[in-house]
Each structure stands twice: as structure tokens, then as C-alpha cells.
Student: 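Sharing a structure with you now.
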Number of protein chains: 2
Amino acid sequence: MSETLLGYDASKYRTPDGYTSDIAVFTIISTEVGPYKPPEKELKIMLIKRAEKTKEGELNIERGKWALPGGFIKPEETAYDAAVRELREETGIDGLKIKHFGVYDKLGRDQRGWILSNAHYAIVPENKLVKRKAADDAEEVALFSMDEVFQLELAFDHKKIIEDALWFIKKDMSLTTLAKNFLPKEFVLSELQGVLLTVMDDPWLKLDSQFFRKAPTLPFIEKVVKDGEPQKTNRWSKNKAQLYRFNDFDPYVSIYNAKY
Amino acid sequence: MSETLLGYDASKYRTPDGYTSDIAVFTIISTEVGPYKPPEKELKIMLIKRAEKTKEGELNIERGKWALPGGFIKPEETAYDAAVRELREETGIDGLKIKHFGVYDKLGRDQRGWILSNAHYAIVPENKLVKRKAADDAEEVALFSMDEVFQLELAFDHKKIIEDALWFIKKDMSLTTLAKNFLPKEFVLSELQGVLLTVMDDPWLKLDSQFFRKAPTLPFIEKVVKDGEPQKTNRWSKNKAQLYRFNDFDPYVSIYNAKY
DNA sequence: ATAACAGTTAACAATATGTTAATCATCAAT
DNA sequence: ATTGATGATTAACATATTGTTAACTGTTAT
């Protein structure tokens, strides 16, 4: 390829010193509080502790700090591809919901130079988390609550990235069926309510009488029915509760005909 | 800065060959269809025709094709800064709504190498468009309707970028007060309705009886009142119509308590 | 038995919506 | 100046959806 022909001389422009993909991995963990009680749920984020030394044995940048999983993108893959690959490498988990939400490109965010971060969030359903394997390079991996994470000293500008990720998750939870990525395929209304309340902060959702009356009519979830019999479970309660699943209805809302 | 200390040897990783900021600039053009009639509105996008030669007199890449305005980002600015700067350079307009919506990083999208595009959309209110100046390097600038633009042979992957931008504009128009960026500060309900219908495709909005009854109660717009007198105009109709303006109420909607 | 409890259904007033029609102000044509 | 057309606004009313409180249903623990 002739640079003269193409009218582009790379030496004229300074180019970025690196292009990375970072992933804010969220999950909701349940803690049992007793039999026949819906467990308490809490939103957690997965971070890795940056190694002291690189593979080459040199001192690592931002070593010892907690950081988002991620890494350098290869030219032959997109940032999304890299996010999928790195999430698999770090957690051994495949097939997750991953979404781009921003780019962090301010000079100075990474001491090593002009390094861009293409930021994604990912949702890991709790039931897949058990499959988590130790990362191959034995980095420390841990889950933090939102309260905890903002107390930590985080690497780079990852605090800002996590704040933004949280904002996007909340928004997507309100406006899309994102909740399904936190839930098992078949779930009970109180589980759905629990997931929503863990992330969103809508007083309407807290009112059982409202939520439990409206929810069964939502067009994007449907009762699980087998052989004409509605399927029920008593996973969380003495009384059997109806199971629901998400269908592929894509809800559309607008601020112009909503209620306030 | 010692690379050894920081544990990063740039030569180990291939780095991007360029980092650009591209902006999909949208406006809504009104064409008068007669006195006392609300004008017809149409969504348009601003494109520039890529020059035959670079400033250095060499043949330009993707020359002669229509493309999104944009250009290489300097290390000391962010992609957003660059979008603001380039929009000012191309159109002479400042203070516009500009929003990031995606990154295009697939190898092969730009013949010159591994070149990233940080994509933004921008809204230019029609009344500011008159101030548009000829771009300093005398590139051709033109507005295209959505029908027209997808017939053109566009540079790079700009067709895909424009499709995505359109999707984001539609979504943001439904869910945020983005419409205010297409409107003068004080406007009439039919103008608002016109802007919304130009971008969105919601049958509810078309029903005047519904829209005109609900709109005055929307919490994010308010009647313009001066000295206790509601301000009205007959800009578009024989009958005087109430003026409204957006306030700073931030509407919140959720799929879980919407109506369907 | 019965108290406790999650899940579910009922009841009903208050509010909002879908729909059709009336009213109002103005201009343009007769 | 009467009439008709037009866009903005209000009225009217049946229907549907909320907000709210209460009752009912299985099941378990006492």
C-alpha cells in the first residue's frame, strides 16, 4: 500500500499508544436469610487485583490496585470481540450479555501514554458464577458491592468508568428487558422484583400491591404453562408461586405518553 | 518515564494507526407550504464531499465520496473535544448538543490501516443553520434526507454509522427531551409534534386529539407566561396558539409501569 | 387449631385514556 | 358581513387503568 497514493502519512499524526477493552462485570448475589424467605440480593462488581509484575518479570503499572478486567485489543479483533475473549479468559464464562457504553480517552488516564479504553458492561447471572474458574495467571479476583467499590483505590480512571457503567445499567434496566440476564430462565415475580430493586430505585416497584397486580399483564413476560397447566414453584415460599419467563416482545416506551 | 519500570513495551503491541472523531450532524428542515400552515418538516443529515487531494496535493483516500464530517483526534483532546472543534470548523456553529454513541474499530473499515472512529451525533436547530459558513477548505457541504443518504455511495463504513446514529436519535427522542435541541426556545405544540413525528414513528403522536390533550400536562414543558399573561403566537395559524418551553425536569420512564 | 406469611384475587373510588364533538378566533372568498 | 375553512382548545362521556385497602389461599411452625 503506497502511503503517497492514499494521501496519508502516519508520521504526520501522533497515533494512540494503545487501545484497550475494559469490562465492568456485574452480578447479583443472593444470600439466604432463612427457609421460605426470598433471599437478600445485592449488586456486585467483579474486579481483579493488578499483579505486582508483568509476565516478563518487570514491575507492573498500577500494581496492587483493583481494576476492571480487560486488556489490549488486537488489530484483527474488535473491542467487543476482545471483551468477549477477555471475559472468557478471566472468568471462564461464555455467552454473556456484553454492551459497549463509552470510551475513555483523556490523556493522562494512563501513565504509559495515550491509551484508549473502550468500556463495556457485562451481566453474569448468579447461577453461572459458580462455574467461575481461577484466572489462568492466578490474579486475584473478587466481588465488591457498590458501597465497597467506591471506597477502594482503583487503577487508572476505573472509578469513573464504574460510575458510568452503573448509570447505564440502571437506565437499561428501566428501559429494556436487561433484567432477564440476571435471572434464571423461569422465575417468580418476587425474584424479578428483587432484581429490579437491587439496581433501580423506583418506589413504585417497592409497592407489592402495585407490582404484583401489574406484572402479570406485562407484554414481555408470560406465564410458564406446560400441558395446559400453569407451572408453579415453592422455591421461596410456602405457597406456590407462578413461574414466568421473558418472551421476545421488545417493549417501547416514550416520555410523551407516559404517566408521571 | 522508564518503560522498563512501567512494565510496558509499546513495541510488543501493535497500536492503532489512527483515532478519529466522526459526527453525524442532523437537522430538521422546514419548508413553507403556504401561509397559516405549519411547514413540512424533514430530517436531514449534513455530509461533506471528500476532497480529491489532500492539503499536501496528494490523492485523497475515498476521494469524491460523501462522508461524515470528522477527522483525526489530537492526543491532547478527547474525542468529544475533537467533535466540538471539527463541528465548529466545518459549520462555524458552537454550543450544540453532541453525544457519543459508538466506536467503529473493525480492521478493514479504513484502507489506510487500523483506524478507529469514535462516532457522535449532533443536533443543529434549523434556526442556527443559517449561520453556516462555507468550510474553510472549501469542501462541498450538503444536506441529505434519510431516503437520499442511503442511496449514496458513502465513504468508509459511514453508511453503518449513520444507520446507528439514526437509531440512537430515535431512541433518545423517545426517552429524553432531545427534541428541545431541534426547536426554538419557545415553541407551539404543533411544532413539537412536528419534530417528534419527523424522527419517531409513533401512531399515538399522530392523533392530534390525544397529543394536544396530553402535551400541556407533560411535566418537562411549561406554558410561557409573562406578567401573568400566557404568551401566544400566531406564527403558524390564524388562531393564536400557546407558547411552551422546556424546563429542566428530567423525565423518567420504565417499561415496568408503562402502558402498552 | 391457629398464627404467620408469601402469593393472589377482589373491590371500589379516583384518575387517565380513547373518541367524538363542540367552540373559538381568524382569514379568505363570496 | 356572511360563510366556510382551518388550527387551537375545551367539553363530554364511556372505558380502562391506578392507588389503596382488604380478603382469601395454601402451607409451615407453634
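Chain A is the first sequence line, chain B the second, and so forth, proteins listed ahead of strands; every chain is numbered from 1.
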Student: Tell me every residue that passes side chain to side chain contact (heavy atoms under 4.5 Å, CB included) with A:Ala241, counting only those two or more places apart in sequence or in another chain.
Tutor: A:Val188

Student: Parallel, tilted or perpendicular, judged at 30° and 60°: which one describes the rings of B:Tyr260 and A:Phe249?
Tutor: perpendicular

Student: In the 5'-to-3' direction, what one-character label does each nucleotide of nucleotides 7-23 of chain C receive under the scheme B = base within less than 4.0 Å of a protein heavy atom, S = sugar-phosphate only, - = no such atom?
Tutor: SS--B-----BBBB---

Student: I need the full list of salt bridge (Lys or Arg N to Asp or Glu O under 4.0 Å) pairs touching residues 242-260 of chain A, with sequence neighbours left out, sorted by first then second residue.
Tutor: A:Glu186-A:Arg245, A:Glu222-A:Arg245

Student: First and last nucleotide of DNA chain D in contact with chain A, 5' to 3', at under 4.0 Å to a heavy atom: what are they?
Tutor: D:dT18 to D:dA29

Student: If the condition is side chain to side chain contact (heavy atoms under 4.5 Å, CB included), which residues does A:Asp164 pass it with, not counting sequence neighbours?
Tutor: A:Phe101, A:Tyr104, A:Lys160

Student: Under 3.5 Å, side chain of A:Ser30 to main-chain N/O of A:Pro39, donor-acceptor pair present?
Tutor: no

Student: Can you check the A:Lys238 NZ to C:dA4 P distance for me, whole Å?
Tutor: 11 Å

Student: Would you kindly give the OH-to-P distance between B:Tyr36 and C:dT26, to the nearest whole Å?
Tutor: 11 Å

Student: Tell me whether the rings of B:Phe246 and B:Phe187 are parallel (<30°), tilted (30 to 60°) or perpendicular (>60°).
Tutor: tilted

Student: Given A:Tyr256, which of B:Asp202, B:Leu192, B:Leu175 fulfils the side-chain contact (heavy atoms from CB on, under 4.5 Å) condition?
Tutor: B:Leu192

Student: List the residues meeting ring pair (Phe, Tyr, Trp, His ring centres under 6.0 Å) with A:Tyr80, not counting sequence neighbours, and say none if there are none.
Tutor: none

